[in-house]
Chemist: 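One structure is given below, represented as C-alpha cells, and several questions about it will come after.
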Amino acid sequence: MPQVTERIPPMPGITPNLENYEETYRTFTWEGAERVFSWAKTGRVNMAYECIDRHCAGSRKDKVALYYSDPTGRDEAYTYDELRVLSNKFGNVLRKLGVRKGDRVFLFLPRSPELYVSLLGILKIGAIAGPLFEAFMEEAVRDRLQDSEAVALVTTPKLLPRVPVKDLPALKHILLVGAGDDLPQGDGVGYYDYQKEMAAAEEELEIEWVDREDGMILHYTSGSTGKPKGVLYVHNAMIHHYWTGLWAVDLKEDDIYWCTADPGWVTGTSYGVFAPWLHGVTNVIRGGRFDPREWYATIEKYRVTVWYSAPTAFRMLMGAGEAVAREYDLSSLRHILSAGEPLNPEVVRWGLKVFGLRIHDNWWMTETGGIICSNYRCMDIKPGSMGKPVPGVQVAILDDEGNELPPYRMGHLAVRVGWPSMMRRIWNNEEKYKEYFRFPGWYISGDTAYKDEDGYIWFQGRADDVINTSGERVGPFEVESCLVEHPAVAEAGVIGKPDPVRGEIIKAFIALREGYAPSEELKKEIAQFVRERLAAHAMPREIEFRDKLPKTRSGKIMRRVLKAWELGLPAGDLSTLED
Ligand code: ATP
Ligand code: MG
C-alpha cells in the first residue's frame, strides 16, 4: 500500500466536543455513557421521548426543533413542544386503529413535517417504523411491505398507485396525507385522511415505555450488492447516536444542523432525526430534489452551522463549479461531514478551497446503525482515509481465517461486537444475519480496508469487488479516486474483468465532465495517468465511456450492475437503482 503523507490539520475556531481523541478512546466505556438519558433515573425508555418530550420540561420547550421548506413553497418551523403534541396526536391516531407495540408501520412519503411527526408517533406507541424512499416503484414497495408484514402505512394519494394493496394481506390501514374527502375503498383496507384524523386526536398520550432491546426501526439496505436486507434496530441505539452526535457530528446547543439524507436511508434517521434531537439542536429539513443553487440557498437561509451530506452530492456541487458556491453566503458553516461512499481526496481539497473547511469522512453501514469510524475535528485528516474508530468501538483488519493483520495489509474490515446501535436482526433472514458473525466476537462488514501505522483506516472496496490482477489485490476505490483526479473524469466505476492471463484485468467505466469528448487518445491518456500515479498493475486496461453510471438512489455506484453489463449477466434486484 502507498504511504500517504498528505495531512490537513484541525481548523482553528470553535473548540470541538472531543478534544483529545486518544485519551477518550482509552478511557471511554459504554457502561458509563448512559447517565445522560432520563432513563438512567426513571428506568423508562423510549427514543421519541428522549428526542422530543424530555426537552419540553426544560429550556428547549419553545426552541425550534425543525425548520422545513421545499420548492413547492412550504416554509414552516416547529418547536420542540409543537412536535411533542403532534407526535402525541399521531400516536393516538394509530392506537385508535388498534396498532400495538411491535407492529410495523411504514412511511412512504416525501420528506415533509408529516413524515417526521409520524415517525416520532410510531415510536411513542412502541411500534416499529419502516421508512421508505419516496422514489420507490411498485416492486420495491411490495417487497418491503410483504417482507415486514406492515399493518399500517402512511403515504400520499400521489404515491398510493405504487402500493399493491391486493398483494399485502397484512396491511390493514392506510393514512393518506392530503386526501381530503376523496378516500378510496376496498381491498380489505381502511383508508383515512391524515389531517382529519390528526385534527380529531387527543393531545396527550400515554407513552409506551419499552425495553432497551425492543424493536424501533426497520431499515432496508441500499441494495448496492444485492437484494436489500431488512435491518432491525432497538431503542438502545440512542446511546450510540447520542455519543457519535457529540464526538463526530460535534453538535452544540446553538447549532443549526442540516443532514441532507432522506430518512428512507439510515443516515436520514440516525443522523437526520435521532442524533440532532437527542442533542436538542435545531434541525433543518429541505424537501425536493438535489439542486446546487437550492442547496447553497438552504445553508444561507437558515445559517446552517453543521452540514452532513454524501460524496455523490459533494461531487455534483464540485461539478457545478466554484462560481456557483461564491454566489451564496456560506460563512455560517463550521463543520462538514460525509458518509455513505468513499470520499475522494480530490473532494476534500475542493471543500477546503470553496468552504474553507475540511470535509470529515465517516464510515458506517445500515447494519451498524451508527458511525463506526470518523475523522474527528480534533484530529489531522489524511484525505482518502475514513479516520479512526469511535471511542468504545474496536475495529480490526482480519484475514480470511479471522486473524488480525498488521498495518498496511488489506483484509476484512471487522468491528468487535457490542456497540449500542448494532442491528439485532435481519428481518426474516436469520441465515444472513449469522453470516456477518462468522468469526467469533467480530462483525464482518463485507468491506475491505487497511490500517496505517497511525491507526487511520483506509477503505479499499467491497470484499466482493476486490480485483485480483496478476497476483495483486487491488481495491476499486483507489483506482476510482485516482481516475477522478484526471480533469476529464467526472465519475468512475471500476471492476475486475476475467482475463485468461492476468486472472482479472481492471476495467473502468467513466462519465466525462462537460466539455470533454470520448476518444481513443483520451482513454490512453487516462490509463497512463493512473499508471504514473498508482502502479502499472492498477492501470485500467479497458476503459468505457458512459453518459451516466448506475447508482442507487442514495448515490452509490452499483459495481454489480457494471459487472453484469460487462459479463452479460442478469443485474439482479434493481429496486433501488436511480432512474
Ligand atoms: P447493500 O448492503 O444492500 O448491498 P449498501 O452496502 O450500499 O447496500 P448501505 O448500508 O447503505 O448499503 O451502505 C454501507 C456501505 O457503504 C458500506 O459497507 C461501504 O461499502 C459504503 N460506505 C459507507 N460509508 C463509507 C465511507 N465513508 N467510505 C467508503 N465507503 C463507505
Ligand atoms: Mg451493505
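Both ligands and their constituent atoms are indexed starting at 1 by order of listing.
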Chemist: Return the orientation label for the His241 and Phe274 ring planes: parallel under 30°, perpendicular over 60°, tilted otherwise.
Modeler: parallel

Chemist: So with a 6.0 Å cut-off around CD of Glu139, is the heavy-atom count from everything else above 12?
Modeler: no

Chemist: Ion pair present between Arg315 and Glu341, side-chain N to carboxylate O less than 4.0 angstrom?
Modeler: yes

Chemist: Identify whether the distance between the nearest side-chain nitrogen and carboxylate oxygen of Glu22 and Lys388 falls below 4.0 Å.
Modeler: yes

Chemist: Evaluate the side chain to side chain donor-acceptor pair (under 3.5 Å) criterion for residues Asp452 and Trp458: first the C-alpha distance (whole Å), next the side-chain angles of each, then the deciding distance (0.1 Å), finally the verdict.
Modeler: CA-CA 8 Å; Asp452 68 16; Trp458 297 77; 3.1 Å; yes

Chemist: Report all protein residues having a heavy-atom distance below 4.0 Å to some atom of ligand 1; order the list by chain, then number.
Modeler: Thr221, Ser222, Gly223, Ser224, Thr225, Gly226, Lys229, Gly340, Glu341, Pro342, Asp361, Asn362, Trp363, Trp364, Met365, Thr366, Glu367, Met386, Asp447, Phe459, Arg462, Lys556

Chemist: Can you measure from CE (Met379) to CZ (Arg358) and round to the nearest 0.5 angstrom?
Modeler: 8.0 Å

